[in-house]
Amino acid sequence: MQTKQILKIIASLVLLLCPACTDSSTALAPVEVAKTAFEATLSGNMDTARPFFCAKMHSAFPSQKDMDALQKELNIHFTFDFSGLQYSLEQETAEKAIVRAFGKIVVKVPEGEESLSYDELIPLQRIKGQWLVCE
């Protein structure tokens, strides 16, 4: 189905373009940071996502303007329902953490919706006291 292909494209963009990091993610716990970063990025809300990624990932992160242009160019009209997604803290040390995102993501398009299984580990690092998604 076309929805799966679009989701794969966006997921690839997330993995390839995923950066962001400013000190505005005010000492949130690893699970909160991972959840906000993942859901905002997948939804195409780069300005919201950017503060939750480390600086070394920023160079590959698309601007909000670029993401909006890409969505317009590809004529992408969809939303996500993340209510079936869960997050769990799998590992945490003083400087690193791993959060697992798993469950169902519902992709809603004008033609209907599709539920997709998801299971991914999200690496985080504590940088200057802030938890940030960072590989």
*Looking only at non-hydrogen atoms, find the nearest pair between P123 and E135 and report the distance.*
CG-CG, 3.8 Å

*Partner residues of T93 under the side chain to side chain donor-acceptor pair (under 3.5 Å) criterion, sequence neighbours left out*: none

*Search all heavy atoms of A97 against all heavy atoms of L89 and return the closest pair with its distance.*
CB-CD1, 4.2 Å

*Applying side-chain contact (heavy atoms from CB on, under 4.5 Å), name anything that partners S63, two or more places apart in sequence or on another chain.*
K65, D66

*Counting only heavy atoms not in E90, do more than 12 sit closer than 6.0 Å to its CD atom?*
yes

*Using the test side chain to side chain donor-acceptor pair (under 3.5 Å), find all partners of K96 that sit at least two apart in sequence or belong to another chain.*
none

*K104 and S117: which non-hydrogen atoms are nearest, and at how many Å?*
NZ-OG, 2.7 Å

*Is F102 linked to L116 within one hydrophobic cluster, defined over Ile, Leu, Val, Met, Phe, Trp and Tyr using a side-chain heavy-atom separation of less than 4.5 Å?*
no

*List for me each residue that meets ring-ring contact (aromatic ring centres under 6.0 Å, His included) alongside Y87, sequence neighbours excluded, and say none if there are none.*
none

*Scan for salt bridge (Lys or Arg N to Asp or Glu O under 4.0 Å) pairs involving residues 33-42, sequence neighbours excluded, and state none if there are none.*
K35-E39

*Mind checking whether M46 and T41 have side chains closer than 4.5 Å, heavy atoms only?*
yes

*Run the numbers on F38 and I105 for side-chain contact (heavy atoms from CB on, under 4.5 Å), then give the verdict.*
CA-CA 12 Å; F38 176 76; I105 298 172; 4.0 Å; yes

_Could you work out, with side chain to side chain donor-acceptor pair (under 3.5 Å) as the rule, every residue matching Q86, not counting sequence neighbours?_
none

*Which ILVMFWY residues can you reach from V106 by hopping between side chains whose heavy atoms are under 4.5 Å apart?*
none

*Please name the pair of heavy atoms, one in L85 and one in G103, separated by the smallest distance, quoted to 0.1 Å.*
CD1-N, 3.9 Å

*Nearest 0.5 Å, what's the CZ-CG distance between F52 and L28?*
5.5 Å

*Sequence neighbours left out, what pairs pass disulfide (SG to SG under 2.5 Å) with at least one residue falling in residues 57-129?*
none

*Does anything in residues 71-135 pair up under disulfide (SG to SG under 2.5 Å), and if so which pairs, sequence neighbours excluded?*
C54-C134

*Given a cutoff of under 4.5 Å between side-chain heavy atoms of I, L, V, M, F, W and Y, with clusters grown through shared members, what are the other residues clustered with L121?*
I98

_Tell me the closest heavy-atom pair linking V133 and A34, and the distance in Å._
CG2-CA, 4.3 Å

*Which atom pair, heavy atoms only, marks the closest approach of D81 to K108?*
CB-CE, 4.1 Å

*asked:* Which residues pass the side chain to side chain donor-acceptor pair (under 3.5 Å) test with R100, not counting sequence neighbours?
replied: D119

